[in-house]
Amino acid sequence: MARVKICGLTRGADLRAAVDAGADAVGVISEVPVDSPREVDPAAAAELLADVPPFVTATLVTMPDSAERAVELLRTVTPDAVQLHGEWTPDEIRYIRAETERKVLLAVDADDPARAEAFDAVADALVIDSTDESGAGGTGETHDWERAGDLAARLTSPVVLAGGLTPETVAEAVRTADPFAVDVASGVELSDGRKDHNAVARFVANAGREMELI
Ligand SMILES: O=C(O)c1ccccc1N[C@@H]1O[C@H](COP(=O)(O)O)[C@@H](O)[C@H]1O
């Protein structure tokens, strides 16, 4: 069974709906260089994540322009974990981990397995996503789950499968790629960064199923 992260939350009510549905992790997005309906400022990110109860991982998704800024942001927002998108070196990831003692998830493009392998021993987990040219996620685009599964089997790090998942496709994605966790943002959204609570609940339930959807 895959763990579930519901990401791109912008409102307290949506965060509570994700927790009530049984999400293992929730994510808020801050400081990204792309135009995203899911982005909130660091103060709002801190406020939202402060409401996350014990046993649910509060995750900050971000693309700051330096490792120093990442550390600063983590000290302001105080999440349990950070999901970094964009270009990073292994030394920068090590620095952020050492300075903040937070779990660092690194997003890598599904079409770049060499990068995933290069960071396998450096990050705490790898998010296999369909990213744009800047490395940002939230594209709503899927990738080849069978290939992602082959890559996950070669890696030591836990693999989070992301990219265009929906309540209708997540069971098939889990069956095919057998990831440690699945992650969704746009696939459970109404519009303007607001979540569809029914879709969130179905996504969490279906991630725990093989083929039988509700
Ligand atoms: O959602 C965004 O706008 C975003 C911007 C910059 C970096 C990451 C972003 N989203 C993350 O990408 C994955 C997959 O999203 P989706 O399900 O394909 O919409 C997820 O972790 C998002 O939070």
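Positions are given from 1, in the same order as the sequence printed here. Keep in mind that the numbers below use all heavy atoms, side chains included, and drop hydrogens, waters and symmetry copies. All ligand and atom numbering here is 1-based and tracks the order in the structure.
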Pick one of side chain, backbone, both or neither for how Val127 approaches ligand 1, counting any non-hydrogen atom pair under 4.0 Å.
neither

Give me the residue, atom name and distance of the protein heavy atom closest to [atom].
atom	value
atom 19 (O) of ligand 1	Ser186 OG, 2.5 Å
atom 9 (C) of ligand 1	Gly137 C, 3.4 Å
atom 13 (C) of ligand 1	Asp129 OD2, 3.3 Å
atom 23 (O) of ligand 1	Cys7 SG, 2.7 Å

Numbered atoms of ligand 1 (with element) below 4.0 Å of Ser36, judged on heavy atoms:
2 (C), 3 (O)

So, [X] and [Y], do they make that salt bridge, N to O below 4.0 Å?
X	Y	value
Asp51	Arg16	yes
Arg154	Glu117	yes
Arg147	Asp111	yes

Taking all non-hydrogen atoms of both residues, which atom of Ala148 and which atom of Ile128 are closest, and how far apart?
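Taking Ala148 first and Ile128 second, the nearest heavy atoms are CB-CG2, 4.3 Å.
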
Minimum heavy-atom separation for Val188 and Ala199, please, with both atom names.
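Nearest heavy atoms, Val188 then Ala199: CG1-O, 3.7 Å.
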
Selection from Gly138, Ser30, Gly27, Ala25 by shortest heavy-atom distance to atom 15 (O) of ligand 1
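That would be Gly138.
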
Okay, side chain of Trp145, backbone of Thr142: is any donor-acceptor separation there less than 3.5 Å?
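Not at all, since once roles are kept as given, no pair shorter than 3.5 Å links the two residues.
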
Hey, does [X] come in under 3.5 Å of ligand 1, counting only N/O atoms on both sides?
X	answer
Glu141	no
Gly140	yes
Ala185	yes
His85	no
Ala136	no
Gly187	no

Kindly determine whether His143 and Glu141 satisfy side chain to side chain donor-acceptor pair (under 3.5 Å), including the steps that lead there.
CA-CA 7 Å; His143 50 84; Glu141 282 171 27; over 6 Å; no

Run the salt bridge (charged side-chain N to carboxylate O under 4.0 Å, His left out) check on Arg102 and Asp80 step by step: do they pass?
CA-CA 6 Å; Arg102 305 288 150 164; Asp80 301 315; 5.1 Å; no

Within the structure, is a non-hydrogen atom of Glu39 found at a distance of less than 4.0 Å from ligand 1?
no

Against ligand 1, does Lys5 come closer than 4.0 Å with any heavy atom?
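Checking ligand 1 against Lys5, which is what was asked, there is a heavy-atom contact under 4.0 Å.
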
Step by step, would you call Glu172 with Arg175 a salt bridge (charged side-chain N to carboxylate O under 4.0 Å, His left out)?
CA-CA 5 Å; Glu172 170 74 19; Arg175 189 181 63 77; 3.0 Å; yes

Atom CG of residue position Asp35 - does it have more than 12 heavy atoms of other residues, nucleotides or ligands inside 6.0 Å?
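Atom CG in Asp35 is not crowded, with 12 or fewer foreign heavy atoms closer than 6.0 Å.
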
